[in-house]
Amino acid sequence: MSMKKLLRRSVQAAALAAVLTAGSVQAETTLNVVMHSDLKIVDPIFTTAYMSRNYGYMVYDTLFGMDNKGEIKPQMVGKHEVSADGLTHSFTLRDGLLFHDDKPVTSADVIASLKRWGAKDALGQKMMSYVKEMKAVDDKTFQFLLNKPTGLILQALGKPSSNVPFIMPARVAATPPNQQIKEYIGSGPFVFLKDEWKPGDKAVFAKFAKYKPRSEPNDGFSGGKVVNVDKVVWKVIRDAQTQMNALSKGEIDVIESASYDLLPVMEKDPNLKIVNLNPFGFQYTFRYNVLHKPFNNDKIRQALLYAFNQEDFLKAVIGNPKYYKVCKAMFICGTPLATTKGFDDKLESNFKKARELLKEGGYDGTPVVLMHSTDVGVLANLAPVAKSLMEKIGMKVDMQSMDWQTLVGRRAKKDPPEKGGWNAFLTAWAAVDNANPVAQPFLNAACDKALFGWPCDKQIQALRDQFADEADPKKQLAIVEKLQMRVAEYPTHIWLGQWYGITAMRKNITGAPEASVTVFWGYKKQ
């Protein structure tokens with residue numbers, strides 16, 4: 001037997017002895033979960049993929065967290081002060097913060113982590129444009145010195161979804177943001193058991209015994225992240241029917257994203273319950289790559305604004321109108337920034353208008369390499385709908401099928417489509433990611449600094465800057481209207497309606513928290 005295995009068994013034996021010494025005879029509690037996809041990238045700053053983000057919430061912690069009212073509350077921060085002129089923000093970390101290697105979290109770790117995140121994330125980039133300097137006052141206190149006041153600081157530090165400003169050890173955060181980290185240590189409520197990670201099979205997390213939750217009740221990403229199970233195992237089961245059978249038999253405890261087709265069957269199972277843990281929902285999105293033909297032409301991108309309609313996409317995946325909403329507002333229907341300005345005549349499958357725009361753009365039959373994700377149920381039917389609608393206006397489409405994690409890796413490539421690159425793909429964003437023009441990742445049109453797809457437009461960037469500087473809600477809405485009208489001229493992406501994810505679990509599972517991201521503190525297994 002290898003020394004590595006002997007050491008691992010020794011550690012396990014010591015842990016068991018500690019439990020028995022404490023007088024407990026309770027067996028280890030393991031929560032078995034089927035997530036929406038496989039975990040292959042364990043760097044939540046390198047990619048916006050939601051599996052990597054979900055992994056991030058297991059392993060890392062954040063300075064602030066958003067509650068379910070949308071308010072930003074302190075998380076790792078114990079004290080926050082702003083100078084009278086609004087130019088200095090002082091933060092003090094709360095007591096008891098430890099990384100999984102038992103080293104304390106320091107100001108240096110925070111600053112290094114925020115620099116890496118701020119170079120990658122759209123909202124982080126915008127926040128950093130206001131920050132003249134981040135400096136450590138001591139091991140627990142750090143300051144932001146601003147070049148002008150802004151209300152973005154807490155909104156950015158409390159950003160709930162991709163990319164999340166997770167705090168890593170400074171040595172890990174020193175990794176360039178376009179390279180993946182190689183050490184997986186955080187200060188969050190769970191420890192990632194790398195030796196038990198088998199991509200395509202499972203990922204395993206153990207409760208971090210030294211994690212110190214806040215004293216306030218948990219509310220979304222704020223308050224106490226109390227862990228009530230010993231382990232969480234993310235199992236890979238690709239077939240929806242097999243997932244449901246395993247849940248019914250008790251072989252697994254939770255299906256994060258249940259198949260809409262199977263909901264009527266699961267609702268009749270006396271051992272199961274169906275819940276919506278994300279009251280904000282999601283938004284489907286079609287993303288262009290503007291670097292290469294044919295979508296390097298504004299008119300050809302505009303053509304799809306007329307060719308597409310939201311209902312076809314929503315029906316193909318969700319099916320039941322109970323779980324979706326047609327919505328032409330970029331920033332989510334039901335919010336203060338919801339407007340259809342610039343889009344009232346679009347997303348109606350006006351094929352005649354779409355063909356006219358293709359002709360104006362000089363479309364020459366260049367095939368569109370459309371990446372098609374096959375293994376994520378809530379995405380799998382989107383690309384075939386897009387392909388059909390594009391072909392109806394005379395475009396050639398080369399739909400290439402792959403699993404989601406392969407797509408995630410490929411979409412970062414700037415290579416021409418014929419050399420392994422791409423022209424378009426479809427995805428879904430949590431609604432909170434699209435809450436405003438600064439947070440919306442696909443609206444960032446900062447050229448090489450933008451997300452994959454790399455739109456490049458000074459007018460969009462100027463309007464995003466105006467929004468960041470504006471505090472008056474009415475004036476913010478006016479800026480949003482101008483933005484949508486500009487996006488109608490220079491499309492960065494197409495939003496394809498809102499929908500609501502449904503989680504299925506066994507009835508002996510309680511305490512699942514409501515949040516716009518699937519998280520596993522609070523869960524109890526009886």
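When reading the values below, keep in mind they use all heavy atoms of this one structure, side chains included, and skip hydrogens, waters and symmetry mates.
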Practice item. Please report the C-alpha distance between D61 and Y211 in whole Å, then the side-chain angles of each, then the deciding distance to 0.1 Å, and finally whether the side chain to side chain donor-acceptor pair (under 3.5 Å) criterion is met. Key: CA-CA 10 Å; D61 213 343; Y211 180 77; 2.9 Å; yes
**Study point:** Full working for salt bridge (charged side-chain N to carboxylate O under 4.0 Å, His left out) between E196 and K198
**Key:** CA-CA 6 Å; E196 297 186 37; K198 297 179 181 178; over 6 Å; no
Practice item. Show your working on side-chain contact (heavy atoms from CB on, under 4.5 Å) between I479 and E481 and close with a plain yes or no. Key: CA-CA 5 Å; I479 294 169; E481 290 178 342; over 6 Å; no
Check your understanding: Are L407 and R411 close enough, and set up right, to give a side-chain contact (heavy atoms from CB on, under 4.5 Å), and what steps lead you there?
Key -> CA-CA 6 Å; L407 189 155; R411 69 186 181 182; 4.2 Å; yes
Point to revise | Working for salt bridge (charged side-chain N to carboxylate O under 4.0 Å, His left out), residues D121 and K159 | key: CA-CA 10 Å; D121 179 72; K159 185 184 179 188; 2.4 Å; yes
**Study point:** Full working for side-chain contact (heavy atoms from CB on, under 4.5 Å) between V226 and N218
**Key:** CA-CA 8 Å; V226 178; N218 179 243; over 6 Å; no
Check your understanding: Between L98 and K103, does a side-chain contact (heavy atoms from CB on, under 4.5 Å) hold up when you go through it step by step?
Key -> CA-CA 6 Å; L98 289 175; K103 294 179 180 177; over 6 Å; no
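With contacts defined as side-chain heavy-atom distances shorter than 4.5 Å, the pair F166/T62 qualifies. No side-chain heavy atom of E28 sits under 4.5 Å from any side-chain heavy atom of K207. Put simply, the side chain of W495 does not reach to within 4.5 Å of the side chain of F286, judged on heavy atoms. With a 4.5 Å cut-off on side-chain heavy atoms, P455 and I460 do not count as touching. Counting heavy atoms from C-beta on, the side chains of D457 and R486 come closer than 4.5 Å. At least one side-chain heavy atom of F91 sits under 4.5 Å from a side-chain heavy atom of F64. Residues T106 and K140 have side chains not in contact (no heavy-atom distance under 4.5 Å, counting atoms from C-beta outward). Between F46 and P44, every side-chain heavy-atom pair lies at or beyond the 4.5 Å cut-off.
No side-chain N or O of D43 forms a donor-acceptor pair with one of Q180 less than 3.5 Å apart. For the 3.5 Å distance criterion, the side chains of Q459 and R464 fail to qualify, holding no donor opposite an acceptor. Counted by atom type alone, S161 and D433 present one or more donor-acceptor pairs between their side chains at under 3.5 Å. D469 and Y130 are linked by a side-chain donor-acceptor pair at a separation below 3.5 angstrom, with hydrogens and angles left out of the test. In this structure, a donor-acceptor pair under 3.5 Å is absent between the side chains of N278 and E514.
When atom types are taken as modelled, the side chain of R214 and the backbone of Q75 share a donor-acceptor pair closer than 3.5 angstrom. Using modelled atom types, no side-chain atom of R287 and backbone atom of T427 make a donor-acceptor pair closer than 3.5 Å. Although no hydrogens or angles enter the test, the distance criterion places no donor-acceptor pair under 3.5 Å between the side chain of T406 and the main chain of M402. At least one donor-acceptor pair closer than 3.5 Å links the side chain of R116 to the backbone N or O of T175. In this structure, K115 contributes its side chain and G118 its backbone to no donor-acceptor pair below 3.5 Å. Side-chain atoms of T335 come within 3.5 Å of backbone N or O of F331 as a donor-acceptor pair. A donor-acceptor contact shorter than 3.5 Å links the side chain of Q461 to the backbone of A445. Under the 3.5 Å distance criterion, the side-chain polar atoms of H493 are left unmatched by any main-chain donor or acceptor of G453. Not one N or O on the side chain of T285 forms a donor-acceptor pair closer than 3.5 Å with the backbone of A428. In this structure, N147 contributes its side chain and S129 its backbone to a donor-acceptor pair below 3.5 Å.
The nearest pair of heavy atoms linking W234 to N54 is CH2-C, 3.7 Å. The minimum heavy-atom distance between V232 and F190, with the atom names listed, is CG2-CE2, 3.7 Å. Scanning all heavy atoms of the two residues, the minimum distance from P491 to R301 falls at O-NE, 2.8 Å. Across P513 and V519, no two heavy atoms sit closer than the pair CG-CG2, 3.6 Å. Minimum heavy-atom separation, W454 to V290: O-CG2, 3.1 Å. K413 and W422 get closest at one heavy-atom pair: O-NE1, 3.3 Å.
With ring centers used as reference points, Y57 lies 6.0 Å or more from Y55. The aromatic ring centroids of W429 and Y284 lie 6.0 Å or more from each other. Ring centroid separation for the pair F205 and F192 comes in under the 6.0 Å cut-off.
Note on E71 versus K69: no salt bridge recorded, every NZ/NE/NH1/NH2 to OD/OE distance being 4.0 Å or above. For D448 and K414, the salt-bridge test passes: some basic side-chain N is under 4.0 Å from an acidic carboxylate O. Look at D101 and R171 and you find a salt bridge, because one of the NZ, NE, NH1 or NH2 atoms lies within 4.0 Å of a carboxylate O, short of that distance.
Rounded to the nearest 0.5 Å, atoms CZ (F99) and CD (E183) are 10.0 Å apart. Put simply, CG on D415 and CZ on R410 are 9.5 Å apart, with the number rounded to the nearest 0.5 Å. K73 contributes atom NZ, which lies 6.5 Å from atom CG of D219 (distance to the nearest 0.5 angstrom). Remark: L463 CG to Q484 CD distance equals 11.5 Å, nearest 0.5 Å. Atom CH2 of W404 is separated from atom CG of L379 by 5.5 Å, given to the nearest 0.5 angstrom. How far CZ of F144 is from OG1 of T150: 12.0 Å, rounded to the nearest 0.5 Å.
Note: H89 and H80 have parallel aromatic rings, judged against thresholds of 30 and 60 degrees for the angle between ring planes.
With a 6.0 Å radius and a threshold of 12 heavy atoms from other residues, nucleotides or ligands, K120 has its NZ atom above the threshold.
For the pair R53 and Y50, the cation-pi criterion (under 6.0 Å, within 45° of the ring axis) is fulfilled.
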Side-chain polar contacts of residues 32-42 - donor-acceptor pairs under 3.5 angstrom, sequence neighbours left out - could you list them?
{"unit_1": "H36", "atom_1": "ND1", "unit_2": "E256", "atom_2": "OE1", "d": "2.9"}
{"unit_1": "D38", "atom_1": "OD1", "unit_2": "G200", "atom_2": "N", "d": "3.3"}
{"unit_1": "D38", "atom_1": "OD2", "unit_2": "G200", "atom_2": "N", "d": "2.6"}

